[in-house]
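One structure below.
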Number of protein chains: 2
Amino acid sequence: MRLISKKTDYAIKAICFIAEAKGRVVSVAELIREFDMPRPFLRKILQILKKSGILKSYKGQDGGFTLAIPAREIFVANLIKIFHGPIKLSRCVFKERLCSDVKTCALKVRIDTIETRVARELQSINIESLLK
Amino acid sequence: MRLISKKTDYAIKAICFIAEAKGRVVSVAELIREFDMPRPFLRKILQILKKSGILKSYKGQDGGFTLAIPAREIFVANLIKIFHGPIKLSRCVFKERLCSDVKTCALKVRIDTIETRVARELQSINIESLLK
DNA sequence: ACAAAATGATACCAATATGGTATCATTTAC
DNA sequence: GTAAATGATACCATATTGGTATCATTTTGT
Ligand code: FES
Ligand code: FES
């Protein structure tokens, strides 16, 4: 049970590095020189980030990536969502007929509360706040 | 990413039912009559709960399970721990050499804060509070 | 024109965690 | 002694996550 998977973690590190380059185009080659990540895996991650509108990419020699939006507007919650879908920590396995009243189910209510709080906190962490 | 897996959910439901029987011995047969759970899977879960000291078991005809400790003292966090180990939502994939200073790593600090809060809240939900 | 260096797209495989089954041994009540 | 229950254990199925491989496309520099 993890909030931050490897994908998310690699993504955060890469985005931070790209953010610190302040507009200079950063290639995968440069990133793996900096971090110890599997090259093809990182490539896949960056491609997804590009498709999601977090990064801009430049093909060809001297190509690479830059941020597509300011670091201040990229949130950890966004990244988790991109790789793992919406944050849903509980998922009741009992259908209507088994839980006497889903609306007021004590367990569901309490787990949902925790879930909402976690989601809000993850939404409050932006990349800018993680830079040196 | 879920806080409550099927194992945990089944366990909670079963424990609640056993708690509501107020000391009467409850068999797996009775539980699957009440809930729609796969019999061998539920058996495995109950065996683990027994080994963990949550349930007491009685073999032989008319056997089954009762609570080993009061419902008030069984917490959702305990059950998650039994089936999935300690609650660790983050797990940094970067070793010392990559994170400039693990002690003050901004990401780690913030995720750890969330984790601690979640763990505390799950620790505050006991089975008694989930009974009808 | 062409080669080198980069990303784009896509298919595939590996490892792990979770969900679930099957079988036989043991105990107990009647 | 038999039926009905749990104990123990090995095994399998499915989903998620982590990771590789390959080829196509684009761009830069000579
Ligand atoms: S048991 Fe799932 S909502 Fe109550
Ligand atoms: S990157 Fe893991 S502790 Fe900082």
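Lettering follows sequence order; numbering is per chain, from 1.
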>> Just the rounded figure in Å: distance from C1' of C:dA6 to CD1 of A:I18.
In response: 14 Å

> Can you check side-chain contact (heavy atoms from CB on, under 4.5 Å) on B:H84 and B:T8, steps first, answer last?
Replying inline: CA-CA 9 Å; B:H84 306 282; B:T8 311; 3.5 Å; yes

> Are side-chain N/O atoms of B:T116 and B:T113 paired as donor and acceptor at under 3.5 Å?
Replying inline: no

>> Would you say A:K6 places a side-chain N or O within less than 4.0 Å of OP1 or OP2 belonging to D:dG19?
In response: yes

> Does a nitrogen or oxygen in the side chain of B:H84 sit under 4.0 Å from OP1 or OP2 of C:dA17?
Replying inline: no

> Considering only heavy atoms, which members of residues 41-56 of chain B lie under 4.0 Å from some atom of DNA chain C?
Replying inline: B:F41, B:R43, B:K44

> At their closest point, which heavy atom of A:I127 faces which heavy atom of A:C16, and how far apart are they?
Replying inline: CG2-SG, 4.1 Å

Scan nucleotides 1-5 of chain D against the protein and return all N/O pairs shorter than 3.5 Å with their distances rounded to 0.1 Å.
from, atom 1, to, atom 2, distance (Å)
D:dA3, N3, B:Q61, OE1, 3.2

>> Has B:S52 got a side-chain atom pairing as donor or acceptor with B:I48's backbone, closer than 3.5 angstrom?
In response: yes

> Where is the tightest heavy-atom contact between B:E121 and B:S124, given as atom of each residue plus distance?
Replying inline: O-OG, 2.6 Å

>> If I take atom CG in residue B:L31 and atom C1' in nucleotide D:dT6, what distance separates them, rounded to the nearest angstrom?
In response: 13 Å

> So what does A:P38 touch, heavy atoms closer than 4.0 Å: a base, only the sugar-phosphate, or nothing?
Replying inline: sugar-phosphate

> With respect to A:I74, which candidate in A:L67, A:L130, A:I125, A:N126 satisfies the side-chain contact (heavy atoms from CB on, under 4.5 Å) definition?
Replying inline: A:L67

>> Hydrophobic cluster membership, with links at side-chain heavy-atom distances under 4.5 Å among I/L/V/M/F/W/Y: are B:F17 and B:I4 in one?
In response: yes

>> Holding to side chain to side chain donor-acceptor pair (under 3.5 Å), I want the full list of residues that pass it with B:R72, two or more places apart in sequence or in another chain.
In response: B:E128

